[in-house]
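This report refers to the structure that appears directly beneath it.
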Amino acid sequence: MKKKDCLTLREEELLNILWEMNEPLTTGEMVERLEKDGWNTATLFKTVRSLSDMGYLKITGLEKNAKAYSRKLAPAMTKEEYYAGIMMKRGLDISSIADITAAFLGVAGKSDEERDAEVIAKLEEVISTLRKSGEGENGN
């Protein structure tokens with residue numbers, strides 16, 4: 001099955017939970033952790049099957065329990081990749097970065113000059129952070 005342009009709220013909710021947990025889980029582990037949030041077993045299994053069929057979940061390993069093996073599942077993409085894909089499907093692309101950044105910063109309604117100054121400052125901060133993390137990884 002191919003990926004849908006837009007997931008259901010339940011599918012997106014499960015992906016968000018898995019991104020937050022940041023570790024592969026079996027469906028049994030998911031049930032244990034999500035029952036308190038109102039998820040029932042049937043809904044969880046249906047949602048996991050749907051996300052797996054569409055390629056949004058990947059198998060990262062197996063875990064042996066009492067009598068059988070269970071698949072460990074994790075999101076097949078990052079949260080940022082998923083939401084960037086949605087924005088691109090809606091017509092936003094790389095040329096929209098300044099406007100998207102302005103919207104994130106809450107400065108879209110300011111004058112062009114003020115807006116641009118705040119967007120540039122934020123993007124420079126991001127670049128600086130990336131450079132520093134790159135230097136740390138390279139031992140510089």
Side-chain angles (χ1 to χ4, degrees):
M1 187 183 281
K2 76 175 211 180
K3 290 185 174 144
K4 297 188 290 189
D5 284 346
C6 192
L7 298 177
T8 66
L9 290 176
R10 211 41 147 168
E11 291 166 340
E12 197 168 309
E13 181 181 358
L14 181 57
L15 278 178
N16 275 303
I17 290 166
L18 292 172
W19 284 317
E20 287 173 19
M21 290 181 181
N22 198 29
E23 64 179 287
L25 299 173
T26 64
T27 52
E29 291 169 330
M30 289 179 209
V31 167
E32 288 174 13
R33 294 180 187 202
L34 300 175
E35 279 180 327
K36 66 182 180 343
D37 295 330
W39 284 77
N40 65 46
T41 304
T43 300
L44 178 73
F45 287 163
K46 180 181 175 188
T47 306
V48 166
R49 183 178 36 246
S50 174
L51 289 170
S52 295
D53 289 347
M54 290 184 290
Y56 285 100
L57 292 179
K58 65 182 176 183
I59 299 170
T60 61
L62 296 172
E63 181 177 285
K64 185 173 183 178
N65 53 32
K67 296 182 181 181
Y69 285 91
S70 298
R71 297 175 301 162
K72 296 284 264 185
L73 300 166
M77 65 185 64
T78 66
K79 187 175 192 174
E80 293 77 12
E81 289 169 330
Y82 171 71
Y83 285 106
I86 288 174
M87 288 190 295
M88 287 186 284
K89 288 174 187 170
R90 302 278 194 290
L92 297 171
D93 59 22
I94 196 75
S95 67
S96 304
I97 286 179
D99 293 329
I100 292 169
T101 304
F104 274 127
L105 294 173
V107 298
K110 291 188 175 186
S111 72
D112 288 348
E113 189 174 294
E114 287 177 306
R115 179 189 148 254
D116 292 349
E118 290 193 41
V119 167
I120 290 167
K122 185 60 174 179
L123 292 175
E124 286 175 340
E125 179 185 321
V126 169
I127 291 167
S128 175
T129 301
L130 290 171
R131 282 195 176 126
K132 286 177 186 171
S133 70
E135 289 171 2
E137 292 173 7
N138 296 326
N140 294 330

Do we see a donor-acceptor contact under 3.5 Å between the side chains of Asp99 and Ser96?
no

Heavy-atom pair of closest approach, residues [X] and [Y]:
| X | Y | result |
| --- | --- | --- |
| Leu62 | Tyr69 | CB-CD2, 4.2 Å |
| Thr27 | Leu73 | CG2-CD1, 4.2 Å |
| Thr43 | Thr47 | O-OG1, 2.7 Å |
| Leu18 | Met30 | CD2-CE, 4.2 Å |

Heavy-atom count check: over 12 atoms from other residues, nucleotides or ligands less than 6.0 Å from Lys79 NZ?
yes

Taking atom OH of Tyr83 as the centre, report whether more than 12 heavy atoms of other residues, nucleotides or ligands fall under 6.0 Å from it.
yes

Just distance, no hydrogens or angles: give the donor-acceptor pairs under 3.5 Å from side chains in residues 124-132, sequence neighbours left out.
{"unit_1": "Glu125", "atom_1": "OE2", "unit_2": "Lys122", "atom_2": "NZ", "d": "3.2"}
{"unit_1": "Thr129", "atom_1": "OG1", "unit_2": "Glu125", "atom_2": "O", "d": "3.0"}

List for me each residue that meets salt bridge (charged side-chain N to carboxylate O under 4.0 Å, His left out) alongside Glu23, sequence neighbours excluded, and say none if there are none.
Arg33

Cluster overlap Ile59 with Trp19, hydrophobic side-chain contacts below 4.5 Å:
yes

Please report the C-alpha distance between Met54 and Leu7 in whole Å, then the side-chain angles of each, then the deciding distance to 0.1 Å, and finally whether the side chain to side chain contact (heavy atoms under 4.5 Å, CB included) criterion is met.
CA-CA 10 Å; Met54 290 184 290; Leu7 298 177; 3.6 Å; yes

Is the ring pair Tyr56/Tyr82 parallel, tilted or perpendicular, if the boundaries are 30 and 60 degrees?
perpendicular

